Protein chains: 2
Amino acid sequence: MTLADDVIMTIGEAARESGVTAKAIRYYESIGLIPKPVRTGGNYRAYDRRAVETLRFVHRARSLGFAMEDVQRLLSLWQDRGRKSKDVRTLAQAHLDELDAKILALESMRHAVAQLVEACHGDHRPDCPILLDLAKGRRA
Amino acid sequence: MTLADDVIMTIGEAARESGVTAKAIRYYESIGLIPKPVRTGGNYRAYDRRAVETLRFVHRARSLGFAMEDVQRLLSLWQDRGRKSKDVRTLAQAHLDELDAKILALESMRHAVAQLVEACHGDHRPDCPILLDLAKGRRA
DNA sequence: TTGGACCTTCCAGCGTTGGGAAGGTCAAGG
DNA sequence: CCTTGACCTTCCCAACGCTGGAAGGTCCAA
């Protein structure tokens with residue numbers, strides 16, 4: 001146990017514990033992704049262990065590339081005891097498909113750019129197949 | 001020759017010829033990526049063959065994933081007769097490295113998400129390794 | 001009491017368009 | 001000549017997911 005059950009943190013501490021910046025935490029709150037925390041006498045946001053766990057959940061989901069909308073749905077499913085794992089899996093599978101599409105697009109670009117780089121001798125002379133390609137559009 | 005030397009086009013025609021939308025052409029002009037075209041009596045932008053070639057150049061560069069800043073530099077190099085092909089190649093190589101980095105990052109995500117999807121049986125039951133992972137942070 | 005580290009809210013901006021409103025221009029057809 | 005409709009103009013807003021900064025309040029320790 002790193003955290004006791006009754007620990008109350010400021011936004012800065014919650015940020016360090018969760019990996020989400022304080023700015024981002026306020027932003028998540030503003031868009032309704034996470035609930036509004038209670039406030040201290042000095043109007044500071046006060047986070048408990050549970051809130052920090054939620055933040056960590058969000059942080060991990062974001063780091064896996066899930067869009068905010070997906071994170072919202074994942075959070076709902078997480079908190080829904082009656083969820084069907086199928087719904088979670090479907091969401092993740094859709095994200096996987098998106099990742100694949102992005103990777104394919106990037107690899108296609110990578111291939112084309114790599115060919116151009118290879119074709120260019122890269123010396124002091126002005127002749128350059130890269131510029132010729134961009135200008136005329138020859139795709140080998 | 002598809003285009004005669006003295007053809008003058010409206011923004012819509014230039015858009016169709018170049019692959020860049022009219023909206024994007026105006027944007028490129030607003031940020032100084034392309035020069036301001038002359039205007040007709042009715043205040044319409046008038047593009048000649050050269051301008052459309054430039055737009056096509058931009059379009060191809062963008063489609064290869066070059067950032068606007070890079071496109072700007074590529075345009076300059078293109079128009080510089082005294083350029084060194086080395087400079088062009090260096091730019092393209094840097095972009096290639098960026099593409100590789102992005103692909104690696106996405107593939108790392110893809111790997112993690114794929115594992116989660118595989119681990120989840122995806123039926124009517126609520127138990128779901130995906131949510132467990134996001135919550136507890138176990139990365140296999 | 002003073003300093004400095006933290007917190008607060010609000011506003012603005014990043015990049016690359018796309019959408020849409022409100023209005024001007026132009027060519028063709030009646 | 002007038003209308004129609006396709007095109008053009010400028011301008012502002014939305015998207016994404018935050019980040020930065022300004023102006024000011026709170027808290028703790030020396």
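These numbers come from a predicted model, not from an experiment. Proteins get letters first, then strands, A, B, ... in listed order; numbering begins at 1 in each.
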- Presence of R39(A) side-chain N/O under 4.0 Å of dG25(D) phosphate oxygens OP1/OP2: no

- Item | Under-4.0 Å side-chain N/O to phosphate OP1/OP2 contact, R45(B) with dT10(D) | yes

- Provide, to the nearest angstrom, the distance between the CG atom belonging to N43(B) and the P atom belonging to dC7(D).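 Interatomic distance, CG of N43(B) to P of dC7(D): 19 Å.
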
- Task: Hey, which sits more toward the 5' end of DNA chain C by its nearest nucleotide, I11(A) or I31(B)?
- Result: I11(A)

- Please figure out whether T40(B) or R62(B) has its closest DNA chain C nucleotide nearer the 5' end. R62(B)

So, the side chain of [X] versus the backbone of [Y]: is there a donor-acceptor pair under 3.5 Å, distance only?
X	Y	value
R56(A)	E17(A)	yes
R26(A)	S30(A)	no
H121(A)	D127(A)	yes
S85(B)	R125(A)	yes

- Message: To the closest 0.5 Å, what do you measure between CG (D70(B)) and CG (L64(B))?
- Response: 11.5 Å

- Item | side chain to side chain contact (heavy atoms under 4.5 Å, CB included) partners of D97(B), counting only residues at least two apart |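 Residues passing side chain to side chain contact (heavy atoms under 4.5 Å, CB included) with D97(B): Q93(B).
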
- Item | Outermost DNA chain C nucleotides near chain B [under 4.0 Å, heavy atoms] |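 Range of nucleotides touched by chain B: dT16(C) to dC26(C).
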
- Message: Within the supplied structure, the quantity of interest is the number of heavy atoms (other residues, nucleotides, ligands) at a distance under 6.0 Å from R50(A) CZ; does it exceed 12?
- Response: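 It does not: R50(A) CZ has 12 such atoms or fewer within range.
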
- Query: dG25(D) base to Y44(A) side chain: any donor-acceptor pair below 3.5 Å?
  - Reply: yes

- Message: Just to be sure I understand the geometry, which residues of residues 19-27 of chain B put a non-hydrogen atom under 4.0 Å away from DNA chain D?
- Response: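 Hits under 4.0 Å, by residue number: K23(B), R26(B).
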
- 5'-most by nearest nucleotide on DNA chain D - Y28(A) or G12(B):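 Counting from the 5' end, the first nearest nucleotide belongs to G12(B).
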
- Between K36(A), R45(A), K23(A), which is the residue that forms a salt bridge (Lys or Arg N to Asp or Glu O under 4.0 Å) with E29(A)?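 Result for salt bridge (Lys or Arg N to Asp or Glu O under 4.0 Å) with E29(A): R45(A).
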
